[in-house]
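Here's the structure we're looking at; comments come further down.
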Amino acid sequence: MQPLRQAFFARNTITVARELVGCLLEVEADEGKVVGRIIEVEAYEGEGDPASHAANGRTPRSEIMFGPPGFAYVYLIYGMHHCLNFVTEAEGTAGAVLIRAVEPVSGHELMAVRRGLDSDIAREKDLCSGPGRLCRALGIDRSWNGLPLVPGLGESIPSAIGKIRIFPGEGPPGGPVATPRIGIRQAVDRLHRFIDSRSEYLSG
DNA sequence: GAATCGATGATCT
DNA sequence: GATCATCGATTCA
C-alpha cells in the first residue's frame, strides 16, 4: 500500500480533514513502530478562522502553517501536552488538521509504556483518545515539528528523529460526522471536527 | 459518574 | 502578563 503523497494535503483543509478519518497513521522511532487508525480530527484554517494559530497572520509559530503541505506541525499546549497537526493547502495559504484520536492497531505495548501505564490494566480505549495522549503514546514532541509526512521531501528533514507516514483507509460509510471543535472558545459554531461516530476510541 | 482544579511553558500583545 | 486546539487527580455523589 502506497502512503499518502503531498498532493493529498495540497487541498482545502476541510476536505483533507474529512478524508483523513479512517486512514492509518504509522509512526516509526528508535523504540519501534506503532500504527493507529485515525478516527477524530479537527480542521484549522487561516486568517478567516479565529480559533486557528494562523488567525493573525504569519508569526514565528504559525509560519509553518503557511508553508508547503505535507509537513508535521507539532506544538506544546498548557505547558505539558503536545499536539500533532498536518499542514494543508498550497504553499502561501495557511491550514492544518489536528489529529485528536486514533484507534491503536499495532504497538499497543509500546504505547502503554510511553503513556506510563501498566499494559495489563491499561484500557486500550484511553491510549490515544485525545491530542495530548496520542502524542505521548506515539512518542511525538516538539522536535518532530517540520518533519515531512510524505515521501520525496527528504531534503527538508530538520533532524531525522523519526518517521511518520499516512496510509489510505476505510472511512465511515456516508462520511464522517461533523461536530463543533473541542476545547476552544472562538468560532465554536463551526462544525470543523470530524469523527467516525461508530468508534469507541473517541476523545471527550 | 460528573464537576472542579492545578500543573507548566511557549507564544504573542 | 494573559492566553491556551489538555490531562489526570481529586472531590462529591
Quick one: which of B:dC12, B:dT8, C:dA5 gets closest to the side chain of A:M80? B:dT8
Scan side-chain atoms only and decide if A:E40 and A:Y201 contain a donor-acceptor pair under the 3.5 Å cut-off. no
Count I, L, V, M, F, W, Y as connected when their side-chain heavy atoms are under 4.5 Å apart, and connections chain through other members. Are A:V150 and A:L84 then in the same cluster? yes
Taking all non-hydrogen atoms of both residues, which atom of A:R142 and which atom of A:V74 are closest, and how far apart? CG-O, 3.9 Å
Closest nucleotide among C:dC4, C:dC7, C:dA5 to the A:Y78 side chain: C:dC4
Does A:R58 pair with A:E63 as a salt bridge, N-O distance under 4.0 Å? yes
Over all strands shown, is A:R61 touching base, sugar-phosphate only, or nothing at heavy-atom distances under 4.0 angstrom? sugar-phosphate
Whether A:Y75 stacks on the six-membered ring of B:dA10 base, 5.5 Å and 30° limits: no
Under 4.0 Å from OP1 or OP2 of C:dG8: is there any side-chain N or O of A:R115 that close? yes
Run the salt-bridge test on A:D196 and A:R37 with the 4.0 Å N-O cut-off and return the result as yes or no. yes
Ignoring the backbone of A:P60, work out which of B:dG9, B:dC12, B:dT8 is nearest its side chain. B:dC12
Rounded to the Å, how far apart are A:Q186 CD and C:dC4 P? 7 Å
So, does A:R185 get its side chain near the phosphate of C:dC4, meaning an N or O under 4.0 Å from OP1 or OP2? yes
Counting heavy atoms from C-beta on, name the nucleotide in C:dA5, B:dC12, C:dT6 closest to the side chain of A:I182. C:dT6
Non-neighbouring partners of A:Q186 that pass side-chain contact (heavy atoms from CB on, under 4.5 Å), sequence neighbours left out: A:P50, A:A51
Hydrogens and angles aside, do A:H53 and A:Y75 bring a side-chain donor and acceptor to less than 3.5 Å of each other? no
Tell me: NE2 of A:H82 to C1' of C:dC4, nearest whole Å? 15 Å
Could you state the CD1-P distance from A:I77 to C:dA2, rounded to the nearest angstrom? 17 Å
Whole angstroms only, please: what is the CG-C1' distance between A:N85 and C:dC4? 14 Å
Once you round it to whole Å, what is the distance between P of C:dC4 and CZ of A:R181? 13 Å
Base, sugar-phosphate, or nothing for A:R100, non-hydrogen atoms under 4.0 angstrom? sugar-phosphate
Which of C:dC7, B:dA10, B:dT13 is nearest the side chain of A:L76? It is B:dA10
Side chains of A:D49 and A:S52: is there a donor and an acceptor less than 3.5 Å apart? no
Closest nucleotide among C:dC7, C:dA5, B:dC12 to the A:H53 side chain: C:dA5
Can you check the A:K125 NZ to C:dG8 C1' distance for me, whole Å? 18 Å
Please convert DNA chain C into dot-bracket. A pair counts if it is Watson-Crick or G-U wobble with both distances under 3.5 Å; crossing pairs go in [ ] and bases paired with another strand get |. ||||.|||||||.
State whether A:R133 places a side-chain N or O below 4.0 Å from either non-bridging phosphate oxygen (OP1 or OP2) of C:dG8. yes
Whole angstrom is fine here: how far is it from CG in A:D126 over to P in B:dG1? 12 Å
